[in-house]
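Working notes, beginning with the structure itself.
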Amino acid sequence: MPSSSDDAMTNSNWTTLLMDLVERIGGLLISDDASDFVRLRAVCHPWRSSTVETKSRADFFYPRNWIMLSNPKSSPSDVCFFNTSTHKSFSFDLTPYLDTYSLFRALDYLFLLKHKITQDFALLNPFMKSITPLPSKIESNRANAPKRLEDMFEQIIHLEGVFVTSSFTIVLQFGQEDFLRTKLGDQSWMYGGFNVWIDGNVLFCKDRLLFVTSDDRGLVQINLANEIPIKPQVEIVISSNELPYGPSMEERCYLVDCDGEIILVTFNRRHHQWESFETYKLDLNEKTYVRLPNLGNRSIFIGHDRTFSVSCDNLSSVPANFIYLCELRRYETACYNLKTNRVKCLFGEPFLNSFPLLEKLIKCCARPCWKLASEDDE
């Protein structure tokens, strides 16, 4: 027979839960998984009311660890998102928005839309189900700089990243060194570059852009928390002569966020083969690093413009302690086993057909920006 405590739980009126407690729970959920926070708010009106302040946090606008697994151009009614830490999935129907907007780009967890009549751009967050208009005007002291956001896309088609800081500054990264910044609600963008040539990828972490330069500056960071129009400064974290890496045509290095820890991955390509893989854990505060012999329960995926790590706990289709090179620099896809120190080419490998999630992760990493409106998919 059910106990009296079971009856009490069944008959409890959860809408009367203390609002302070609901807000605390919401704060914990939004920091870990935006989709759970959405479900919390869907329970009842009192819970939605008590989490209004939490909903305004940047965590909600910039949910962590979510990637877009499917191409929205081929399946707009069922766009699949995957959480690389919790393994939860989230399906989003994009079609209601396509009467008013065309889908211009899709990156990670955001859709870049273009209004069919006004031609204005906007960001759609599928977790919030809300649209954020983007300014059109660009301000810059540079000669011949683009004047409108549309001009930027026409001149530099490749949009590599969209970042949102804790102070709600939106940053668009075009190519290697062109950046636009605006504050939510502002009427224009600030355009600028940092006069650096990036060797590898750009990693956004805790309001900072991290990357390794191809000159003698080495590992640098750019703090995006500064108020506009103050230009962010390039700060050297570890100089190139102190890094376990020497920039060259053969040697590669990439930065990866492994559940909050920043990992530096280095390797070579010689005689048409990948070799000499090394992994290091960075301490940005102490400006040091230590060699990391294995990745524990995680695996790393590296593409030309993008990296991410996946927790392999209870995920049999993605083995742990591997580094996957995803169509890197127009070469084949390969994987490196940190346990055996062996590299295997995966191009055309039939075993990928038995692991559809692994195949999707590789494809997703190789194509960080789904090309939609102005270019055919590669």
Side-chain angles (χ1 to χ4, degrees), residues 33-39 42 60-116 119 121-132 134 153 157-162 164 172 299 301 303-311 315-318 324 326-327 333 346-378:
D33 192 335
S35 64
D36 283 343
F37 179 72
V38 171
R39 296 185 184 100
F60 196 32
F61 200 89
Y62 195 89
R64 295 179 63 245
N65 302 322
W66 285 93
I67 58 176
M68 194 181 305
L69 278 186
S70 58
N71 188 341
K73 184 177 181 180
S74 57
S75 56
S77 63
D78 186 25
V79 184
C80 180
F81 295 85
F82 177 75
N83 191 295
T84 57
S85 288
T86 65
H87 308 153
K88 293 178 181 177
S89 59
F90 174 73
S91 181
F92 181 72
D93 184 3
L94 187 61
T95 54
Y97 302 89
L98 299 182
D99 292 334
T100 306
Y101 294 90
S102 59
L103 185 55
F104 194 77
R105 292 288 189 276
L107 304 95
D108 286 344
Y109 58 91
L110 289 174
F111 299 103
L112 180 62
L113 307 178
K114 188 175 184 181
H115 199 282
K116 292 182 177 180
Q119 302 300 300
F121 289 94
L123 288 176
L124 168 61
N125 186 318
F127 298 93
M128 297 175 69
K129 295 185 177 178
S130 63
I131 293 176
T132 303
L134 298 177
F153 284 113
I157 294 177
H158 193 38
L159 175 64
E160 293 193 7
V162 179
V164 183
L172 304 183
S299 278
F301 292 76
H304 176 57
D305 301 318
R306 178 203 215 164
T307 64
F308 57 79
S309 69
V310 174
S311 170
L315 198 65
S316 58
S317 59
V318 182
Y324 292 91
C326 309
E327 300 180 18
T333 294
L346 300 182
F347 181 76
E349 283 289 335
F351 84 90
L352 282 177
N353 297 330
S354 303
F355 299 101
L357 176 59
L358 179 58
E359 185 176 19
K360 287 181 178 179
L361 289 170
I362 290 173
K363 186 175 181 181
C364 176
C365 187
R367 295 167 174 80
C369 173
W370 294 109
K371 297 172 184 174
L372 304 164
S374 61
E375 298 176 88
D376 294 331
D377 297 305
E378 296 180 357

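Count residues from 1 along the sequence.
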Legend entry - Non-neighbouring partners of Ser77 that pass side-chain contact (heavy atoms from CB on, under 4.5 Å), sequence neighbours left out: Asp93, Thr95
Inset, instruction - Describe, in one word, how the ring planes of Phe121 and Phe104 are oriented to each other, choosing from parallel (under 30°), tilted (30 to 60°) and perpendicular (over 60°). - result: perpendicular
Legend entry - Under 3.5 Å donor-acceptor, Ser102 side chain and Lys114 backbone: yes
Inset, instruction - Kindly write out the residues that satisfy side-chain contact (heavy atoms from CB on, under 4.5 Å) with Lys360, not counting sequence neighbours, or none if the list is empty. - result: Leu69
Inset, instruction - Please round to the nearest 0.5 Å and tell me the distance separating atom OH of Tyr324 and atom CZ of Phe301. - result: 5.5 Å
Legend entry - Phe81 side chain reached by Ser89 side chain, heavy atoms, under 4.5 Å: no
Inset, instruction - Answer yes or no: is there a side-chain heavy-atom contact under 4.5 Å between Leu112 and Leu134? - result: yes
Legend entry - ring-ring contact (aromatic ring centres under 6.0 Å, His included) involving Tyr101 - partner list, sequence neighbours excluded: His115
Inset, instruction - To the nearest 0.5 Å, tell me how far Ile131 CD1 sits from Asn125 CG. - result: 11.0 Å
Legend entry - Note, Leu123 side chain near Leu113 side chain (heavy atom, < 4.5 Å): no
Legend entry - Stepwise side chain to side chain contact (heavy atoms under 4.5 Å, CB included) check, Phe90 with Val79: CA-CA 8 Å; Phe90 174 73; Val79 184; over 6 Å; no
Legend entry - Distance in Å, Asn83 CG paired with Ser311 OG, rounded so as to fall on 0.5 Å steps: 9.5 Å
Legend entry - Point-to-point distance, once rounded to the nearest 0.5 Å, from CG of Leu94 to CG of Leu124: 6.5 Å
Inset, instruction - Would you confirm whether Arg306, through its side chain, and Gly161, through its main-chain N or O, come within 3.5 Å as a donor-acceptor pair? - result: no
Inset, instruction - Would you confirm whether the ring centroid of Phe92 sits within less than 6.0 angstrom of the ring centroid of Phe127? - result: no
Legend entry - OH on Tyr97 to NZ on Lys129, rounded to 0.5 Å: 6.5 Å
Legend entry - Backbone N/O of Leu98 and side chain of Lys116: donor-acceptor pair under 3.5 Å: yes
Legend entry - Test log, rule side chain to side chain contact (heavy atoms under 4.5 Å, CB included), inputs Leu315 and Val310: CA-CA 9 Å; Leu315 198 65; Val310 174; 3.8 Å; yes
Legend entry - Heavy-atom pair with the smallest gap, counting every atom of Leu358 and Ser317: CB-O, 3.8 Å
Legend entry - From Leu110 atom CG to Met68 atom CE, the distance as rounded to the nearest 0.5 Å: 7.5 Å
Legend entry - Residue pair Cys365, Phe308: steps toward the side chain to side chain contact (heavy atoms under 4.5 Å, CB included) verdict: CA-CA 8 Å; Cys365 187; Phe308 57 79; 3.6 Å; yes
Inset, instruction - Kindly indicate whether the side chain of Thr86, heavy atoms from C-beta on, has any atom under 4.5 Å from the side chain of Asn65. - result: no
Legend entry - Any Ser91 side-chain heavy atom under 4.5 Å of Cys80 side chain: no
